[in-house]
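What you see is a predicted model; the values in this text were computed from it and never measured. Chain naming here is simple, since letters A, B, ... match the order of the sequence lines and numbering starts at 1 in each. Basis for what follows: all heavy atoms, side chains included, without hydrogens, waters or symmetry-related copies.
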Amino acid sequence: MDTTGTTFTARVYRVVAMIPYGKVTTFGAIARALGSPKSARMVGFALASIPGHLDLPAHRVLNRYGFLSGGWHFGHPDIMKAELEDEGVVVSGDYIVDLGVYFWDPGMDPEVDALREAHY
DNA sequence: AGTTTGACAGTAT
DNA sequence: GATACTGCCAAAC
């Protein structure tokens, strides 16, 4: 793949890798940080295409409502839930995370913001 | 080489 | 206020 960050997925990987321990973010936030708010779908698709050898904390990426959207991509939602709880993130029985507490906006990260400006 | 689908989100009715 | 439609880019078929 392109490690220079030319493709959308490459940039997504980079942003996901920056998610702080114990924090979570959303597809829309990442897409918006990259300058394409409408491309939220691509973010999810990019994560679905993660090679695997890349140690990306994909379990920290949730949908807009804090729901573990990609739970079944880990084999079972409970796996993702366990990963998050292990980081101190409280996950409800319905696999929902309180974004008001654990949400991390990529747009507020200087490194991510620099990446966005590089795109323009 | 063209078509279809995919971890979503925002707007439009 | 809730439901439906569109937009977006890349990868798999």
Side-chain angles (χ1 to χ4, degrees):
Chain A
M1 65 172 288
D2 190 351
T3 53
T4 60
T6 306
T7 64
F8 195 93
T9 45
R11 285 187 286 160
V12 171
Y13 293 151
R14 197 175 291 182
V15 174
V16 173
M18 296 174 187
I19 302 176
Y21 182 91
K23 291 286 184 175
V24 298
T25 190
T26 67
F27 298 94
I30 296 173
R32 193 172 50 202
L34 293 177
S36 300
K38 306 296 184 179
S39 305
R41 305 182 81 177
M42 295 6 311
V43 178
F45 198 79
L47 293 179
S49 300
I50 292 178
H53 53 80
L54 295 179
D55 186 25
L56 297 180
H59 58 274
R60 295 178 191 158
V61 184
L62 318 174
N63 68 359
R64 191 45 185 163
Y65 303 100
F67 180 74
L68 283 1
S69 312
W72 292 105
H73 281 265
F74 287 82
H76 191 283
D78 188 58
I79 297 176
M80 190 187 300
K81 181 172 179 281
E83 288 291 325
L84 290 171
E85 290 182 332
D86 185 57
E87 299 181 359
V89 178
V90 177
V91 182
S92 71
D94 294 331
Y95 305 103
I96 303 293
V97 175
D98 187 351
L99 295 177
V101 178
Y102 303 103
F103 177 66
W104 174 77
D105 189 350
M108 71 180 256
D109 189 289
E111 194 170 357
V112 176
D113 189 55
L115 181 62
R116 178 173 59 79
E117 289 187 33
H119 179 226
Y120 286 103

S.K.: Grab the CG-C1' distance between A:Leu84 and B:dA7 for me, whole Å please.
M.R.: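 Computing the A:Leu84:CG to B:dA7:C1' distance gives 13 Å.
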S.K.: Distance check, rounded to the nearest 0.5 Å: A:Lys23 atom NZ versus A:Asp105 atom CG?
M.R.: 11.5 Å
S.K.: With ILVMFWY side chains joined below 4.5 Å, transitively, what does A:Leu99's cluster contain besides itself?
M.R.: A:Val24, A:Leu62, A:Phe67, A:Leu68, A:Phe74, A:Ile79, A:Met80, A:Leu84, A:Val89, A:Val90, A:Val91, A:Tyr95, A:Ile96, A:Val97, A:Val101, A:Tyr102, A:Phe103
S.K.: Atom pairs, N/O to N/O, protein against nucleotides 11-13 of chain C, distance under 3.5 Å?
M.R.:
none

S.K.: Can you check the A:Met42 CE to B:dT5 P distance for me, whole Å?
M.R.: 14 Å
S.K.: With sequence neighbours left out, write down each residue that passes side chain to side chain donor-acceptor pair (under 3.5 Å) with A:Asp109, or none if nothing qualifies.
M.R.: none
S.K.: Looking at every non-hydrogen atom in both residues, tell me the closest pair between A:Ile50 and A:Ala58 and how far apart they are.
M.R.: CD1-CB, 4.1 Å
S.K.: List, by chain and number, the other hydrophobic cluster members for A:Tyr65, where Ile, Leu, Val, Met, Phe, Trp and Tyr join if side-chain heavy atoms come within less than 4.5 Å, directly or indirectly.
M.R.: none
S.K.: Strictly by ring pair (Phe, Tyr, Trp, His ring centres under 6.0 Å), give each pair with a member in residues 16-50 of chain A just once, sequence neighbours left out.
M.R.: none
S.K.: Sort me out a list of protein N/O and nucleotides 9-12 of chain B N/O pairs below 3.5 Å, or just none if empty.
M.R.:
unit_1	atom_1	unit_2	atom_2	d
B:dA9	OP1	A:Arg64	N	2.4
B:dA9	OP2	A:Arg64	N	2.9

S.K.: Under the salt bridge (Lys or Arg N to Asp or Glu O under 4.0 Å) definition, can you give me all pairs with a residue in residues 60-75 of chain A, not counting sequence neighbours?
M.R.: A:Arg60-A:Glu87
S.K.: Enter the distance from A:Phe8:CZ to A:Ser39:OG here, rounded to the nearest 0.5 Å.
M.R.: 4.5 Å
S.K.: Classify A:Ala58 by what it touches in the nucleic acid, base, sugar-phosphate, or nothing, heavy-atom distance under 4.0 Å.
M.R.: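 Base, at least one base atom sits under 4.0 Å.
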S.K.: Name every residue in residues 72-83 of chain A that has at least one heavy atom under 4.0 Å from any atom of DNA chain B, in order of residue number, or write none if there are no such residues.
M.R.: A:His73, A:Phe74
S.K.: Got a sec, which residues hit salt bridge (charged side-chain N to carboxylate O under 4.0 Å, His left out) with A:Arg41, two or more places apart in sequence or on another chain?
M.R.: none
S.K.: Which distance, rounded to the nearest 0.5 Å, do you find between the OG1 of A:Thr9 and the CZ of A:Arg14?
M.R.: 11.0 Å
S.K.: side-chain contact (heavy atoms from CB on, under 4.5 Å) with A:Thr25: which of A:Ile19, A:Val43, A:Val15?
M.R.: A:Ile19
S.K.: What is the distance, rounded to the nearest whole Å, between atom CZ of A:Phe8 and atom C1' of B:dA7?
M.R.: 13 Å
S.K.: Roughly how far, to the nearest 0.5 Å, is the CE atom of A:Met42 from the CG atom of A:Leu34?
M.R.: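 With rounding to 0.5 Å, CG (A:Leu34) is 12.5 Å from CE (A:Met42).
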S.K.: State which residues pass side chain to side chain contact (heavy atoms under 4.5 Å, CB included) with A:Pro37; sequence neighbours excluded, sorted by chain then number.
M.R.: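 Once residues adjacent in sequence are excluded, the partners of A:Pro37 under the side chain to side chain contact (heavy atoms under 4.5 Å, CB included) criterion are A:Arg32.
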S.K.: Give me the residues of residues 85-95 of chain A where at least one heavy atom lies under 4.0 Å from an atom of DNA chain B, by number, or none.
M.R.: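 Going residue by residue through residues 85-95 of chain A, none turns out to have a heavy atom under 4.0 Å of DNA chain B.
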